[in-house]
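Input: a single structure, listed below in structure tokens.
Within every chain, numbering begins at 1; the chains are lettered A, B, ... in the order of the sequence lines, protein sequences first and strands thereafter.
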Amino acid sequence: MQNILLLYCYENIMQEISKNDQELRRIEELNLLEEAGMNAFPYSFDKTHSNRQILQNFSDEDPTPLSEIAVAGRIMSLRRMGKASFCHIQDEDERLQIYFKRDEIPDFYEYLKLLDIGDIIGVNGYAFRTKMGEISVFAKKVTLLTKSTKILPIAKEIVDEEGNKVVFDEFADKELRYRKRYIDLIVNPEIKEVFKKRAIIINEIRNIFNEKGWLEVETPVLQPIYGGASARPFITHHNALDFDLYLRIADELYLKRLIVGGFEAVYEISKNFRNEGMDRMHNPEFTSLELYVAYKDYNWMMETTENLISALCQKVNNSLKAKFGDYEIDFTTPFRRAKMFDLFEQYLGENIRNYSDEELKKVCKKNQVELPQNASRMKILDELFDAAVQPHLIQPTFVIDYPLEMSPLAKSHRTEPGLVERFEMFVAGFELTNAFSELNDPRDQRQRLEEQAKIRAAGDDEAMTLDEDFLNAIEIGMPPTAGLGIGIDRLVMLLTNQKSIRDVIIFPLLRPEK
RNA sequence: GCUUCCUUAGCUCAGUCGGUAGAGCAACUGACUCUUAAUCAGUGGGUCACAGGUUCGAAUCCUGUAGGGAGCACCA
């Protein structure tokens with residue numbers, strides 16, 4: 001009788017099918033299941049085991065501990081036969097095979113026809129091993145938990161003779177994967193590992209810092225004056241107060257105010273926003289860690305940084321070595337330390353320390369580094385470093401002692417005139433951290449920010465703005481302080497071997513769909 | 001922002017010289033009591049990204065638009 005009803009409905013559907021025939025059919029199946037008295041969307045299900053627990057704990061010698069179990073998951077494959085069927089259900093971690101025998105579940109077996117890949121079911125039964133050797137669950141009772149009314153782009157996998165996993169019809173379209181991340185997570189579940197590791201990294205940073213008694217704080221995202229980095233901001237508007245606000249580009253200036261206020265170690269893990277180009281290393285919103293510790297300098301911060309990153313690698317990869325593309329990165333401490341001008345000398349073959357701007361431009365030309373017209377000394381050095389030095393910095397390297405012009409918030413070097421006490425850490429050819437002995441001489445700080453304001457007035461809209469309240473805080477007096485910034489997304493990329501920032505940001509920015 | 005490539009069925013992709021749309025998987029019907037890319041037989045499914053143009057005729061050639069990938073520029 002059920003079959004006759006089915007046939008009747010299918011014919012009806014087939015006539016009105018145009019584009020979404022598969023979806024229409026699923027909705028019709030849903031109706032049929034409900035007409036048969038089934039709740040397609042019940043409220044809960046008592047799961048006793050995860051799929052992983054079944055797979056890990058099953059014992060051929062003594063299967064009794066898993067003789068009364070309840071598992072749940074999304075149907076990812078379905079092999080129906082006349083009197084016996086198999087499917088795989090996927091939970092958060094694993095796929096598990098379910099065996100349906102008609103004689104055991106005569107009432108439900110008929111409804112198997114109305115189930116599809118994508119539906120979520122709960123299964124009560126016992127664990128056993130099939131003749132083909134796969135640990136499975138013998139279904140004694142099946143409960144529909146959610147009917148899926150859209151089609152999943154399902155991939156199929158086999159393991160070839162050499163043990164390699166081969167995926168057929170992989171859901172591979174990058175755009176669709178980023179836009180429909182929920183489908184990506186279902187169909188390419190291995191990407192979950194990246195986001196789990198991301199959470200582990202961030203939690204471990206908090207553990208390590210909190211252990212030391214450092215205070216996690218939250219400073220404003222909406223700021224009337226932005227600063228702390230060279231970047232263009234996003235602008236938004238407060239309606240009630242009727243003024244424009246900026247989304248923060250860095251936490252720095254607020255965190256330093258807190259050090260002035262008397263906190264001796266503060267950190268923040270938060271989103272920053274920069275209104276600039278996007279590529280595999282840049283997303284308009286990104287997560288950064290900033291840490292400020294009073295009475296310390298950049299030498300101390302270098303040790304803190306290498307210990308932190310080394311510990312994170314160990315935690316996530318169970319090793320101090322991490323594979324990144326073709327490289328194997330070794331995070332064994334101490335990391336290499338190299339002065340910026342020594343690196344120039346090493347990779348350019350000449351000592352440019354005391355070169356005039358004109359001489360530097362000649363070096364650029366010789367090395368095919370193109371410069372914008374009227375490039376400042378800071379710009380010239382920056383370009384030259386990016387082109388000639390940075391690509392060589394594969395293993396973790398602290399580049400130290402930058403020219404003063406490049407670092408308006410860093411303290412002048414204690415022995416080297418014209419330089420500041422700053423380090424950036426490079427790995428795999430890209431910048432991962434930025435840190436300095438923080439500038440706390442208010443006269444020097446005012447002068448440097450006024451210089452930035454001039455550069456800004458001359459048309460460089462990435463130069464810093466003058467924040468009088470920040471200067472006021474520095475005038476009140478900030479103790480000697482070491483500061484650190486780490487790009488968390490890039491750190492996750494490094495430690496999880498992902499080549500694009502979009503693969504470590506779970507919902508990366510895309511243009512809106514039309 | 002620039003360069004370049006891509007967009008065909010739910011997914012992955014073919015589509016020759018411009019002649020009116022193909023495969024595998026997914027789906028549907030039937031068979032099948034340990035399958036696993038299940039198998040076997042049969043069936044349905046297309047605004048060829050969008051808009052123009054050339055042509056007797058366009059998935060195919062031309063122009064524009066949209067979205068995306070890769071690279072460059074800027075930046076972290």
Pairing donors with acceptors under 3.5 angstrom, does anything connect the side chains of [X] and [Y]?
X         : Y         : result
Ser148(A) : Asp119(A) : no
Tyr298(A) : Asp401(A) : yes
Ser85(A)  : Tyr99(A)  : no

Same-atom distance (P) from rG53(B) to rA41(B), integer angstrom: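 Pairwise P distance, rG53(B) against rA41(B), rounds to 48 Å.
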Atom P, compared across rA27(B) and rG68(B): separation rounded to whole Å: 31 Å
Pair listing, salt bridge (charged side-chain N to carboxylate O under 4.0 Å, His left out) test, anchored in residues 427-438 of chain A, at least two apart: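 For residues 427-438 of chain A: Lys256(A)-Glu438(A).
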Could you list, one pair per line, each protein nitrogen or oxygen that sits under 3.5 Å from a nitrogen or oxygen of nucleotides 34-37 of chain B, together with the distance?
| from | atom 1 | to | atom 2 | distance (Å) |
| --- | --- | --- | --- | --- |
| rC34(B) | O2 | Lys131(A) | N | 2.6 |
| rU35(B) | O2 | Arg79(A) | NE | 2.7 |
| rU35(B) | O2 | Arg79(A) | NH2 | 3.0 |
| rU35(B) | O2 | Gln97(A) | OE1 | 3.4 |
| rU35(B) | N3 | Gln97(A) | OE1 | 2.9 |
| rU35(B) | N3 | Gln97(A) | NE2 | 3.0 |
| rU35(B) | O4 | Gln97(A) | NE2 | 2.6 |
| rU35(B) | O4 | Thr130(A) | OG1 | 2.8 |
| rU36(B) | O4' | Arg79(A) | NE | 3.2 |
| rU36(B) | O2 | Gln97(A) | OE1 | 3.2 |
| rU36(B) | O2 | Glu134(A) | OE1 | 2.9 |
| rU36(B) | N3 | Glu134(A) | OE1 | 2.8 |
| rA37(B) | O3' | Lys156(A) | NZ | 3.1 |

Given [options], which nucleotide is nearest the side-chain atoms of [X]?
X         : options                   : value
Asp279(A) : rG67(B), rC28(B), rC74(B) : rC74(B)
Lys83(A)  : rG10(B), rU33(B), rC28(B) : rU33(B)
Ile117(A) : rG68(B), rA27(B), rA76(B) : rA27(B)
Gln22(A)  : rU12(B), rG10(B), rA76(B) : rG10(B)
Asp103(A) : rU33(B), rG68(B), rC11(B) : rU33(B)
Glu431(A) : rG68(B), rA76(B), rC28(B) : rA76(B)
Arg274(A) : rA76(B), rG71(B), rU33(B) : rA76(B)

What class does the angle between the rings of Phe385(A) and Phe344(A) fall in, given that below 30° is parallel, 30 to 60° is tilted and above 60° is perpendicular? perpendicular
Classify the angle between the aromatic ring planes of Phe398(A) and Phe423(A) as parallel (below 30°), tilted (30 to 60°) or perpendicular (above 60°).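 Rings of Phe398(A) and Phe423(A): perpendicular, as their planes differ by over 60°.
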Remember a base hit wins even if backbone is also touched, and classify Gly487(A) as base, sugar-phosphate or nothing at under 4.0 Å, heavy atoms. nothing
Give Phe286(A) one of three labels, base, sugar-phosphate or nothing, depending on what nucleic acid heavy atoms sit under 4.0 Å from its own. base
Pair Phe209(A)-Glu216(A), side-chain contact (heavy atoms from CB on, under 4.5 Å): steps then yes or no: CA-CA 8 Å; Phe209(A) 285 7; Glu216(A) 180 169 13; over 6 Å; no
Pairing annotation in dot-bracket form, given for RNA chain B with Watson-Crick or G-U pairs under 3.5 Å and | for cross-strand partners: (((((((..((((.....[..)))).(((((.......))))).....(((((..]....))))))))))))....
If the cut-off is 4.0 Å, is Arg102(A) near the phosphate of rU33(B), judged by side-chain N/O to OP1 or OP2?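 Checking Arg102(A) against rU33(B): no side-chain N or O falls below 4.0 Å of OP1 or OP2.
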On the nucleotide rG68(B), are OP1 or OP2 found under 4.0 Å from the side-chain N or O atoms that Arg179(A) carries?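 Affirmative; the distance criterion is met.
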Are there more than 12 heavy atoms of other residues, nucleotides or ligands under 6.0 Å from atom CD of Glu68(A)?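 Check fails, neighbour count at 12 or below.
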